[in-house]
Student: 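Questions regarding the structure given below will be posed in turn.
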Amino acid sequence: MTSHNSLVSAPRVEQHTEPLGIGERTPRLSWQVQTGARGWRQRAYEIEAIGADSDRSWCSGRVESSDSVLVPWPGPPLQSRERVDVRVRVWGLDESDPMPWSEPTTVEAGLLDPDDWTATFVGSTEESDGDRPPVLLRREFAVRDGLVRARAYATACGVYELEINGARVGNEVLAPGWTSYSHRLRYQTYDVTDLIRPGANAVGGWLADGWWRGSYGWNRVGERYGARTGLTVQLELTYDDGSVDTVVTDRTWTWTTSPITRASIYDGERYDARLADPDWSRPGSVAGWSSVDELTPNVGALVAPIGPPVRRIEEVLPVAATRLDDGTYLLDFGQNLAGRLRLRVSGPAGTTVGLRHAEVLENGRLCTRPIRTAAAHDEYVLSGVGVETWEPRFTYHGFRYAEVSGWPGDLERGDVVAVVCHDDMAPAGEFTCSDPLLRRLHENVRWSMRGNFVSVPTDCPQRDERLGWTGDLQVFAPTAAYLYDSTGSIADWLADVDAETGPDGLVPLYVPHIETSFPQFHCAVWGDATTVVPLVLLERAGDLGPLTSGYETARAWVEGCRRLLDERNVISAGLQLGDWLDPAAPADRPQEARTDPYLVATAYLVHSARLLARQADLIGKTDDAAEYRDLADRVAAGFRREFVTGSGRCVSDTQTAYALLLCFDLLDDAAQRRHAGDRLARLVRDAEFRIGTGFAGTPLVLDALSESGHLEEAYRLLLEKGCPSWLYPVTMGATTIWERWDSLLPDGTVNPGNMTSFNHYALGAVADWMHRVVAGLAPAAPGYRSMLVRPQPGGGLTWAAARHRTPYGLAAVSWRREGTTLRVEVSVPPGCDATVALPGAGTVPVDAGHHMFEVAYRAAHDDPIEPLPAPHRF
Ligand code: BGC
């Protein structure tokens, strides 16, 4: 019997939200079942595909399998441009009839073969040094009657926006985004059918330097990928008789200068509305355009995106506007964010409105020192015609405050709006609890993720940096995977990590890699992104793909580290960043941590060799698995000889060292572990619960405490408000996670270090502990197919809750203390199960559905009471 109201979602295709122009020939499919049936499990599925424009249809037949996440494509590989409608139906374990078919998802392949491209890259004929203003490119074309479908495939060496007949194509920001262009350049696929009409049409593009040619990196070098920008567009028009007309970028295109007189990712944009021709992308005569040059830029493969594009996600109005003595307006958006401002203004032609951005104020004005050479300065020159609206196209800034100069008249609420821009990822995880400061901390983590998932997972969105530092994502990946459906974004970046890692296992410290003053070296914590992050995507999203494609990269990394070992099997020489930003390190020497950097590097090699062995097992490389397990054992033995006493004390007597010892399982036996855990708790208490960790220790220290029987110390550390601590910035008004524990000093002044961002997610990695330990929602099998529900109340919290959209559906845990009773509610998605382990009680296995429990409970500092033998279910 089929249960009532049970439904299967339309299949999801790989990690795409819009499977238009996908690059996978055999995309994996996922679906979710909605059912009220407790303990529901899938017995079988069937997938059917109907060719949308062809008779290439197929059906998988009934497949006996409980899998519903990223199942293999059961049909013939897609061909370029092929469109199929796929749908699925499933049988439950005890059901003889299938559920009704799902709604179909239309999957459309992109251009899968290099030969599909007939368009060339075209650009202006102007050659000049330095940042160059964006240009416009265009051509006209005729369309016959009977058009049924039109697609635009496009990308650029630079950043671009397309228009057809005066209308914007798509809504992406900063397309094609930043990738390792010499290996992979993403192209975009747009459905432009509705923009095209019979007769005369025009297509045009704005083309700016972006990451291709603009000057960026703190050394401000331009032309990193090439001296000329180029646009490529391939417009394919399909008619009802099956014929196809193709309009491509070639010598027939023309170019001219644009009203944008400067554009730079870091420095901002200047737009002179007096120079704008509103008809430039419409058919009809345009004057003064010149023929383009065809270019042969050095780009790697043109690839369809794996993740979502950057888009405008949200608008934020200022919470305060102050008119300063010099007539400028100081706007406070109440939230540090990444994006840009949109204006609505009217005034005399030639009036120039200036916009400057900063994260913090100093003496009542913008404090721009932390953004270093990034000018973050936009300007709009009014045309003088009516009400004008404008938002820069080819830049973004990290800011909470803005100064608006030259505003004609009075600035009204709504005249200037902040537009938050980042990867268009679906929100996936929430956390809340009874402590308002912890709630704010969690929101700050979310905002720092939003500020830094801008095409590449960056360190920061504001200063002259914004690079894909591998270490930052390595520590933040579990939190990222919880908060947003970010697998696509991360997998896209990992493809660049794979492309850029040398055969010697040298993983660039940031990817895409550009030359700066920073040397390249085998740096623990950073390069370990290659072993850690793919496993995070498997564990959290059930996606084995990045692990499979990245395995050789991870192996090369571990091999590279193995070559650093000395005869004692420890890493004892060479450059390391170690426990970067230990709060005790001098402001200008963040690598001078209390923990020995070679201890960090050797510990990480053990960890990574074990993770690699797990990866090898998962993809059937059993010989490798044995080899790397053996390597891990040998290095762990070397580590203990070098760094640990027989009793479990460590030569670096620091929070980070013990966190590594405990979380990476580097000790011999339980007695050593107990001693190390006690020693860590002692250090934490002696430090009066001030945090003592940098990048290496911060993601681990709370787990090390809670797993070694020191939950109360973990809570005290998490809830401490003095500097340095996680809540100190919250008490100082932070709305994002700071780079330094004290980016703002207790006296309210900005940290003098030359590296002081207020929007860096790395130290926000603690949110993962809040999800898993405070609320108690943790994955126990890939994609949360099994969950460990183990809330560990403490710290005086009276309630907490977490909700996460797993690939199987919504999982939720919440708990509340009522007197001496702890009430817990758990929701397990269909097809999944959970082990519920409540304080002072045994464990209970549960199936899909909603479950409620009660246990007798008192906080650690209360008098002990007799626990009930097992959680009481009702
Ligand atoms: C970045 C960091 C990065 C570090 C490594 C900094 O400039 O902002 O987040 O990981 O350098 O050296």
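Counting convention: from 1, in listed order, for ligands and their atoms alike.
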Student: Check Trp580 against ligand 1 and report side chain, backbone, both or neither, counting heavy atoms closer than 4.0 Å.
Tutor: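 Near ligand 1, Trp580 shows its side chain, while the N, CA, C and O stay back.
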Student: Would you indicate which of Leu577, Leu467, Asp472 comes nearest to atom 10 (O) of ligand 1 when only heavy atoms are counted?
Tutor: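 Shortest heavy-atom distance from atom 10 (O) of ligand 1: Asp472.
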Student: Cut-off 3.5 Å, side chains only: do His397 and His377 have a donor facing an acceptor?
Tutor: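 No donor-acceptor contact under 3.5 Å links the two side chains.
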Student: Does a salt bridge link Glu269 with Arg262, judged by any charged N lying under 4.0 Å from a carboxylate O?
Tutor: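 Result for this pair is no, no salt bridge flagged.
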Student: Checking the N or O distance criterion of under 3.5 Å, is ligand 1 in contact with Trp526?
Tutor: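 Yes, at least one N or O pair falls under 3.5 Å.
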Student: With a 4.0 Å cut-off on heavy atoms, is Glu739 in contact with ligand 1?
Tutor: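 Contact check Glu739 vs ligand 1: positive.
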Student: Does this structure show an ion pair linking Arg450 with Asp423, if we count only N-O contacts that are shorter than 4.0 Å?
Tutor: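 Result for this pair is no, no salt bridge flagged.
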Student: Report, in ascending order of atom number, the atoms of ligand 1 lying under 4.0 Å from any heavy atom of His760.
Tutor: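 Every atom of ligand 1 under 4.0 Å from some heavy atom of His760: 1 (C), 2 (C), 8 (O), 9 (O).
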Student: Going by distance alone, is a donor N or O of one side chain under 3.5 Å from an acceptor N or O of the other, for Ser215 and Arg220?
Tutor: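 Yes.
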Student: Could you tell me whether Arg594 and Asp653 have a side-chain N and a carboxylate O separated by less than 4.0 Å?
Tutor: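 Looking at Asp653 together with Arg594, the answer is no, because their closest N to O distance does not fall below 4.0 Å.
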Student: Under a 4.0 angstrom heavy-atom cut-off, which atoms of ligand 1 come close to Asp459?
Tutor: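 So the atoms of ligand 1 that pass are 1 (C), 8 (O), 9 (O).
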Student: Counting non-hydrogen protein atoms only, what is the nearest one to atom 3 (C) of ligand 1? Give residue, atom name and distance.
Tutor: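 Protein heavy atom at minimum distance: Trp469 CD2, 3.3 Å.
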Student: What atoms in ligand 1 come closer than 4.0 Å to a heavy atom of Phe518?
Tutor: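 What qualifies from ligand 1 is 12 (O).
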Student: Give a yes/no verdict on whether any heavy atom in Arg463 is under 4.0 Å from an atom of ligand 1.
Tutor: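 Contact present.
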Student: Among all protein heavy atoms, pick the one closest to atom 6 (C) of ligand 1 and tell me residue, atom and distance.
Tutor: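 In this structure, atom 6 (C) of ligand 1 has Glu465 OE2, 3.5 Å as its nearest protein heavy atom.
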Student: Would you say the ring centroid of His771 lies under 6.0 angstrom from that of Tyr482?
Tutor: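 Yes, the ring of His771 comes within the 6.0 Å limit of the ring of Tyr482, centre to centre.
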Student: Is there a donor-acceptor contact under 3.5 Å linking the side chains of Thr553 and Thr530?
Tutor: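 Not at all, the side chains of Thr553 and Thr530 share no donor-acceptor pair under 3.5 Å.
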